[in-house]
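These notes concern the structure reproduced below.
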Amino acid sequence: METRVKLLLLLALAILLRLPFLNTPIQGDDHIYLTEAEHALIDPLHPNNLKYVFIGEEVDLRGHPHPPGNAWVLAGLLLVFGDVKEVPFHAAYIVFSLTAVWAMWRIASRFTGRPVWATLLFIAVPAFLVNGNSLESDLPFLAFWLASIALFTRGASLQACACMIAASMFAYQAVFLIPILGVYTWIYHRKSRRHWLLLLTPFLTIAAWQIFTRLTTGEAPAGKLAGYLVSYGFLKTALAGALMLLIHFWFIVFPALVPFAAVAAWRRRREPDTVFLLAWIGLFLACGLPVFFAGSARYLLPIAAPVAILASRLQPKWLAPAFAAQLVLGLGLAAANYQHWDGYRRFAGTLAQPPGHRIWVDNDWGLRYYLEARGALPAQKGRLVRPGDVIVTSELGSSVRYTVPLAPVADVTIQPSIPLRLIGLESHSGYSTVSKGFWPFGISSGPADRVHARRVLERHPTLEYVTPKAADQIVSGIDPSDGWTSQTGVIALKEPATPKKLRVEIYVPGNAKARHITLLLDGREIASYTIPGPGPQTIESAEPLRGGALEIRVDRTFRVPPDQRDLGVVLIGAGFP
């Protein structure tokens with residue numbers, strides 16, 4: 001009876017810590033999962049079989065690094081509530097927090113004499129407090145991951161199998177359960193065929209999903225994902241991401257506890273329970289460090305349990321202040337995170353849709369969600385915008401470069417009042433991604449982001465012949481900084497008073513893949529040119545012409561990671577000389 005009361009109190013604490021954040025805005029990658037969920041209402045078996053604009057380019061969501069488990073949960077909530085509603089959605093997701101706490105309690109009761117302290121340390125993990133307030137897959141995956149281990153170590157095979165299947169449909173890293181639980185089986189049940197066979201569950205689940213998607217849509221998600229990892233150069237940041245994860249490891253529990261917990265574990269290194277807990281941590285890091293390229297703190301949630309259990313073996317006089325300090329830090333980060341995303345929600349609520357024109361949002365986070373909910377469209381590289389349209393950009397997270405003349409409409413600085421930052425313009429925090437810095441979190445009172453809304457003005461070309469430096473006459477697809485074109489580049493030219501021959505001068509580097517160029521003037525093809533080889537090239541129209549919109553198309557592009565641009569040829573100059 002006393003044990004049940006303790007567990008109920010821990011579950012009550014978890015609920016209490018979630019209640020202040022029920023109205024947390026849509027944030028981070030929530031928008032991607034919600035997009036999949038909406039598609040699941042149309043095609044339940046293929047939630048990720050659709051196109052999505054990501055960092056300004058159209059991608060195939062079959063290449064999303066998560067299976068569709070979270071999309072199905074959100075689709076169910078959409079069916080119940082009819083639309084995205086922050087409070088009931090987050091209230092529903094508390095179930096995953098409670099499941100994780102229950103599983104943590106069961107595991108801690110098996111591996112430590114202080115399950116209450118172990119569970120308290122787990123609840124106070126900053127990533128649990130922060131990322132448990134999102135609609136991403138982290139908490140659902142963590143819940144089924146821990147439930148799988150709790151049930152497996154208790155001998156509940158059928159329930160453990162069901163949880164492994166569920167975990168595998170929320171995150172591909174569920175396959176890490178195989179070596180981790182393999183160690184447990186080797187230590188305690190090495191002669192049990194049932195335990196060994198059960199370990200195949202994550203692999204078989206993910207393989208079945210890949211095969212099903214390949215047979216029913218024409219391509220396996222793993223193939224798409226691998227292609228994007230290479231083309232976007234994500235794997236190039238794997239070393240930095242691994243370093244960032246090692247930094248985050250020190251903040252799973254209060255950092256001062258880590259060396260003492262390590263010493264205590266070393267002293268008990270021959271005990272089977274300690275061997276398993278250390279293997280759980282070591283194997284997860286060994287499997288995860290090479291692939292978790294962003295280095296986000298949330299990636300380490302699956303090892304928060306063994307770290308907390310090992311730390312719980314220390315004296316309570318150390319654990320109490322460490323728990324309190326970590327709880328204050330985690331809640332502070334969660335509050336700062338709330339204020340950051342709420343700034344986007346508030347800004348979107350004040351921006352009116354221009355009559356007869358579009359709002360284009362150059363952002364992939366909550367700002368995009370709230371503006372799209374009001375009729376905006378995602379900004380895309382190479383897409384033309386019309387005078388009168390409004391472009392919304394974020395200094396923290398924009399991907400599309402515009403060269404059109406713009407006039408200010410609105411500006412806002414997103415500046416949480418709490419001097420902690422998960423991500424920000426001045427904080428160098430790598431909490432969410434190592435691309436922003438190597439601090440585990442930021443201590444700053446500076447702005448987290450600045451958001452700008454700009455109206456597109458009429459373009460009035462003044463030059464008949466332009467170079468890339470004439471950025472105000474480059475419409476799209478040509479980078480003014482170095483002249484590289486994408487697959488299609490558009491230039492606005494001043495129409496000559498009398499017809500002239502049009503000339504385009506380019507340079508073709510040795511690594512360029514383009515072999516054919518087509519020129520169009522005001523939508524009419526006026527020249528077609530086959531590239532004989534690398535070096536400077538000149539293309540000229542056969543007859544004098546007049547016109548204002550020059551389009552340069554190449555047949556092939558390439559990428560040089562980590563540069564995410566699609567590169568065609570280098571433009572030197574174009575127009576009517």
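Excluded from the calculations below are hydrogen atoms, water molecules and symmetry mates; all remaining heavy atoms, backbone and side chain alike, are included.
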Is a side-chain N or O of [X] found less than 3.5 angstrom from the main chain of [Y], in a donor-acceptor match?
X: Ser168; Y: Met164; answer: yes
X: Thr350; Y: Phe347; answer: yes
X: Arg62; Y: Leu225; answer: no
X: Asp43; Y: Ala40; answer: no
X: Lys436; Y: Leu425; answer: no
X: Gln210; Y: Ala222; answer: yes

Nearest non-hydrogen partners of [X] and [Y], listed with the distance:
X: Ala37; Y: Leu74; value: CB-CB, 3.5 Å
X: Ala376; Y: Val361; value: CB-CG1, 4.4 Å
X: Val125; Y: Ile252; value: CG2-O, 3.2 Å
X: Pro255; Y: Gln326; value: CD-OE1, 4.4 Å
X: Ala311; Y: Leu257; value: CB-CD1, 4.5 Å
X: Ala305; Y: Phe122; value: N-CD1, 4.1 Å

Between Phe249 and Val307, does a side-chain contact (heavy atoms from CB on, under 4.5 Å) hold up when you go through it step by step? CA-CA 9 Å; Phe249 180 82; Val307 172; 3.8 Å; yes
Using a cut-off of 6.0 Å, state whether more than 12 heavy atoms not belonging to [X] lie near its atom [atom1].
X: Leu8; atom1: CG; answer: yes
X: Arg346; atom1: CZ; answer: no
X: Arg114; atom1: CZ; answer: yes
X: Arg358; atom1: CZ; answer: no

Can you say whether the rings of [X] and [Y] are parallel (under 30°), tilted (30 to 60°) or perpendicular (over 60°)?
X: Trp72; Y: Trp209; answer: perpendicular
X: Tyr93; Y: Phe96; answer: perpendicular
X: Trp280; Y: Trp145; answer: tilted

Please determine, by modelled atom types, if [X] and [Y] share a side-chain donor-acceptor pair under 3.5 angstrom.
X: His452; Y: Glu395; answer: yes
X: Tyr431; Y: Ser296; answer: no
X: Gln339; Y: Ser417; answer: yes
X: Tyr299; Y: Asp138; answer: no
X: Ser398; Y: Thr393; answer: no
X: Asp449; Y: Ser394; answer: yes
X: Asn337; Y: His340; answer: no
X: His31; Y: Tyr52; answer: yes

One pair to check against side-chain contact (heavy atoms from CB on, under 4.5 Å): Arg345 and Tyr369. What are the steps and the verdict? CA-CA 9 Å; Arg345 180 168 57 185; Tyr369 168 79; over 6 Å; no
Between atom [atom1] of [X] and atom [atom2] of [Y], what is the distance when rounded to the nearest 0.5 Å?
X: Asp60; Y: Leu50; atom1: CG; atom2: CG; value: 7.5 Å
X: Leu121; Y: Leu327; atom1: CG; atom2: CG; value: 10.5 Å
X: Leu285; Y: Ile303; atom1: CG; atom2: CD1; value: 4.0 Å
X: Glu219; Y: Thr213; atom1: CD; atom2: OG1; value: 10.5 Å
X: Leu301; Y: Leu146; atom1: CG; atom2: CG; value: 9.0 Å
X: Leu135; Y: His90; atom1: CG; atom2: NE2; value: 4.5 Å

Please report the C-alpha distance between Ser137 and Tyr33 in whole Å, then the side-chain angles of each, then the deciding distance to 0.1 Å, and finally whether the side-chain hydrogen bond (donor to acceptor under 3.5 Å, both in side chains) criterion is met. CA-CA 8 Å; Ser137 63; Tyr33 293 107; 3.1 Å; yes
Should [X] and [Y] count as side-chain neighbours, where that means a heavy-atom distance under 4.5 Å?
X: Lys51; Y: Leu61; result: no
X: Val434; Y: Phe293; result: no
X: Leu177; Y: Phe152; result: no
X: Thr216; Y: His46; result: yes
X: His66; Y: Phe141; result: no
X: Leu333; Y: Leu129; result: no
X: Ser134; Y: Glu136; result: yes
X: Trp117; Y: Pro316; result: yes

[X]-[Y] aromatic ring centre distance below 6.0 Å:
X: Phe284; Y: Phe176; value: yes
X: Phe254; Y: Phe323; value: no
X: Tyr344; Y: Tyr370; value: no

Set out, in order, the CA-CA distance, both residues' side-chain angles and the distance that settles side-chain contact (heavy atoms from CB on, under 4.5 Å) for Arg454 and Asp411, then state yes or no. CA-CA 9 Å; Arg454 297 290 183 264; Asp411 297 280; 2.9 Å; yes
Decide whether a cation-pi geometry holds between Arg18 and Phe128; the criteria are a distance under 6.0 Å from NZ or CZ to the six-membered ring centre and an angle within 45° of the ring axis.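 So Arg18 does make the cation-pi contact.
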Assess whether side-chain contact (heavy atoms from CB on, under 4.5 Å) is satisfied between Leu420 and Phe441, documenting all intermediate values. CA-CA 7 Å; Leu420 295 171; Phe441 54 88; 4.2 Å; yes
With Ile359, which of Val409, Val392, Leu377 fulfils side-chain contact (heavy atoms from CB on, under 4.5 Å)?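 Among the candidates, only Val392 passes.
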